[in-house]
Amino acid sequence: MDRTYFQKGFGLRAEIRPQLLENYRSQIVDVMRANDFKLEAGGLTFLLAMEFGFCYGVERAIEYAYETVAKFPDHRIFLSGEIIHNPYVNHRLQRMGIRFLHGGTNRYDEVQQDDVVVIPAFGVPTSEMELLAKKGCIIVDTTCGSVLNVWKNVERYARSGVTSVIHGKFEHEETEATFSRTTLFADAHYLVIRDRKEAAHVCNYIVDRGDKLGFMSRFQRSVSKDFDPERHLERIGLANQTTMLSSESLEIANMLRVAMTRRYGHHEMAARFFSFDTICSATQDRQDAVRELQKRNPDLMIVIGGYNSSNTNNLLNIAARFSPTYHVEDAACILSAEAIRHKPAGSKEVIVTHGWLLPETARIGITAGASTPNNQIGESIERIVNFRGKMNYATLLGVD
Ligand code: SF4
């Protein structure tokens, strides 16, 4: 048995559970779950999405990181980047003594033989895994099963000479890890497309060919080495970053299917076009739950999660179509009943908005990204109610 590579936990769940509950649990959220995802407090009704917060992949990655600390008390423990995109969780892990590695591959320079390196839920590129193995590190791999499933598809494409077209963000850790899987095979290629606009550009090229130089200058950062659009768009297979907006991924798949059909005809499709929806079920469920929540008529929505969290941003994009929506990184962003710090949909800037909670506001919808712990939800509700000056914590829980 390989004693330097671990992927299945250390059987220390019972030992770490009290610490996890203390760090991430919320009694307010427990009460809401038991009460139809609703809480009446301070003259307000809080409505919680029926799927929210930690997904199975994040839960497992965090558990595994806690287990690692318990298992290797005498080793230096590093995390390859952020375990997930949530600053609160990352600070907690840092306080437990885990060191975070940031930057390019030279971030591993200080890592030595027998150090423990925890791989995050979204995985790392194959070259980094090889480097760590060569150094003789102990690798604790928390890559989520849903991400591994995407890799399986990409590898299958690569093996049969099909170019992987990945709907994702080129610079996102998960997408980087995903396209790196093609490097395991000779003459395998990929192209990453971020959105509908880029997909339309690719579709036009597939149908009409045309300006090859223009195509390459547009996609120079997001294609494999020696990518030739004339040859490498003849057979394509689709994959997604697991946290993309599912409706957009499906639309892009359809656009590419139509383009390939126009270019090659229906009879060629089975040999030239492959598509598997690799949006993970946790992402899909959280997106669907926000749409459902809108039917309960919230006056405004609060979306809680890291500003750089892809799945949280997609929850924001969905909610903002229906209600005024505030994406806060954590409960502390709710500054008062008058001011809130948040990142608006479609913006990269964090701003402070005044007059967000109006006297007539009665129903507040809440959801949280897959990397947000429940206590951030509970604290947000508590702060809002306290700012309204209506109630204390015990009455909020109905135990006063
Ligand atoms: S969002 Fe999906 S793919 Fe990502 S860690 Fe969670 S369950 Fe896994």
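Predicted model, so just to flag it, every value in this text is computed and none were measured. Both ligands and their constituent atoms are indexed starting at 1 by order of listing.
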How close does the nearest protein non-hydrogen atom get to atom 6 (Fe) of ligand 1, and which residue and atom is it? Cys55 SG, 2.2 Å
Please confirm whether Phe54 and Tyr24 have ring centers closer than 6.0 angstrom. yes
Between Phe170 and Phe219, is the gap from one ring center to the other below 6.0 Å? no
Spacing of Ile304 atom CD1 and Gln376 atom CD [to the nearest 0.5 Å]: 7.5 Å
For Thr283, counting its heavy atoms only, list the atoms of ligand 1 lying under 4.0 Å from any of them. 1 (S)
Atoms of ligand 1 close to Thr242 [distance to a heavy atom under 4.0 angstrom, numbered from 1]: 3 (S), 4 (Fe)
Cys144 backbone or side-chain N/O/S under 2.8 Å from atom 6 (Fe) of ligand 1: no
If the cut-off is 4.0 Å to any non-hydrogen atom of Thr243, which atoms of ligand 1 fall inside it? 1 (S)
Is there a donor in the side chain of Asn386 and an acceptor in the side chain of Arg383, or the other way round, less than 3.5 Å apart? no
Residue-ligand contact Asn311/ligand 1, heavy atom below 4.0 Å: no
If we number the atoms of ligand 1 from 1 as shown, the ones under 4.0 Å from a heavy atom of Cys280 are 1 (S), 2 (Fe), 3 (S), 7 (S)
One finds that the ligand 1 atoms under 4.0 Å from a non-hydrogen atom of Ser146 are 3 (S)
Answer yes or no on whether Arg296 is positioned over the face of Phe37, meaning its NZ or CZ is under 6.0 Å from the six-membered ring centre and within 45° of the axis. no
Check whether the side chains of Thr353 and His342 place a donor and an acceptor atom closer than 3.5 Å, and report yes or no. yes
